[in-house]
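Everything quoted here is computed from the prediction, not taken from an experiment. Chain letters run A, B, ... following the sequence lines, proteins first, then strands; residues in each count from 1.
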Amino acid sequence: MPNLPAYTQIQQTLKLVPAGTVVSYGQLADLAGLPGRARLVGRCLKEAGSEALPWHRVLRADGKIAFPAGSDAAGEQRQRLIAEGVMVRNYRVKLSEFGWQPDSYTLLHRLQF
DNA sequence: AGGTTGACGGTTG
DNA sequence: GCAACCGCCAACC
């Protein structure tokens, strides 16, 4: 697996995202200490496969599921989100309603990587 | 070594 | 709200 250190940070940070909430690729990159590296998050998740990560909680900055609407992957992500109580309308989620806002404790803990 | 490719994001029309 | 562009950058020809 390429770029191991960065990928590890991304995955550890993703594990902190609680069920029922979502984050954007860019937000996750920022929280992982990799500002502006949203695309790296995408590559990371692609290689990680379904490695026990809550990958379905990661959406685009506008709240849309990144996979093409109607694809198998998009359908599965939609189901997983709904199963957690996240409202998904046309492959889109209201970030103002379900977006994750890490508390100061979590934020502090994250800084000790 | 150089061109292409995206699980992205911000701007613009 | 949508689509076309453009900047981005590591992986992959």
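Atom CG in A:Leu95 sits 12.5 Å away from atom NZ in A:Lys64 (nearest 0.5 Å).
Atom CZ in A:Phe67 sits roughly 8 Å away from atom P in B:dA7 (whole-Å rounding). Going from atom NZ of A:Lys64 over to atom P of C:dC2 covers 6 Å, rounded to whole Å. Counting to the nearest Å, the C1' atom of B:dA7 and the CG atom of A:Leu14 are 12 Å from each other. Rounded to a whole Å, the CD1 atom of A:Ile10 is 13 Å from the C1' atom of C:dC9. The distance from atom CG of A:Leu40 to atom C1' of B:dT5 is 15 Å, rounded to the nearest whole Å. Atom OH of A:Tyr7 is separated from atom P of B:dA7 by 12 Å (rounded to the nearest Å). Regarding A:Lys46, its NZ atom lies at a distance of 4 Å from the P atom of B:dA7, rounded to whole Å.
Checked options A:Leu16, A:Leu14, A:Ile10, A:Thr8; the residue passing with A:Gln12 is A:Thr8 (criterion: side-chain contact (heavy atoms from CB on, under 4.5 Å)).
When all heavy atoms of A:His56 and A:Leu81 are compared, the closest pair comes out as O-CD2, 3.3 Å. Nearest heavy atom pair, residue A:Phe98 against residue A:Gly85, reads CE2-O, 3.6 Å.
For the pair A:Leu53 and A:Lys15, the minimum side-chain heavy-atom distance is below 4.5 Å.
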List the atom pairs, donor and acceptor, that lie under 3.5 Å between side-chain atoms in residues 67-75 of chain A and the rest of the protein, sequence neighbours left out.
{"unit_1": "A:Ser71", "atom_1": "OG", "unit_2": "A:Pro68", "atom_2": "O", "d": "2.7"}
{"unit_1": "A:Ser71", "atom_1": "OG", "unit_2": "A:Ala74", "atom_2": "N", "d": "3.2"}

Using distance only, find each side-chain donor-acceptor pair of residues 31-46 of chain A under 3.5 Å and give its atom names and separation, not counting sequence neighbours.
none

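Using a 4.0 Å cut-off, no side-chain N or O of A:Arg37 falls inside it from OP1 or OP2 of B:dG6.
Sorted by first and then second residue, the salt bridge (Lys or Arg N to Asp or Glu O under 4.0 Å) pairs with a member in residues 77-93 of chain A read A:Arg57-A:Glu84, A:Glu76-A:Arg80; sequence neighbours excluded. A side-chain hydrogen bond (donor to acceptor under 3.5 Å, both in side chains) check over residues 93-103 of chain A, counting only residues at least two apart or in different chains, returns the pairs A:Asp103-A:Thr106.
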**Study point:** Strand DNA chain C as a dot-bracket string - pairs counted if Watson-Crick or G-U with both distances under 3.5 Å, | where the partner lies in another strand
**Key:** .||||||.|||||
Which protein N or O atoms sit under 3.5 Å from an N or O of nucleotides 8-11 of chain B?
{"unit_1": "B:dC8", "atom_1": "N3", "unit_2": "A:Arg39", "atom_2": "NH1", "d": "3.0"}
{"unit_1": "B:dC8", "atom_1": "N4", "unit_2": "A:Arg39", "atom_2": "NH1", "d": "2.8"}
{"unit_1": "B:dG9", "atom_1": "OP1", "unit_2": "A:Tyr25", "atom_2": "N", "d": "3.3"}
{"unit_1": "B:dG9", "atom_1": "OP1", "unit_2": "A:Gly26", "atom_2": "N", "d": "2.5"}
{"unit_1": "B:dG9", "atom_1": "OP2", "unit_2": "A:Ala61", "atom_2": "N", "d": "2.8"}

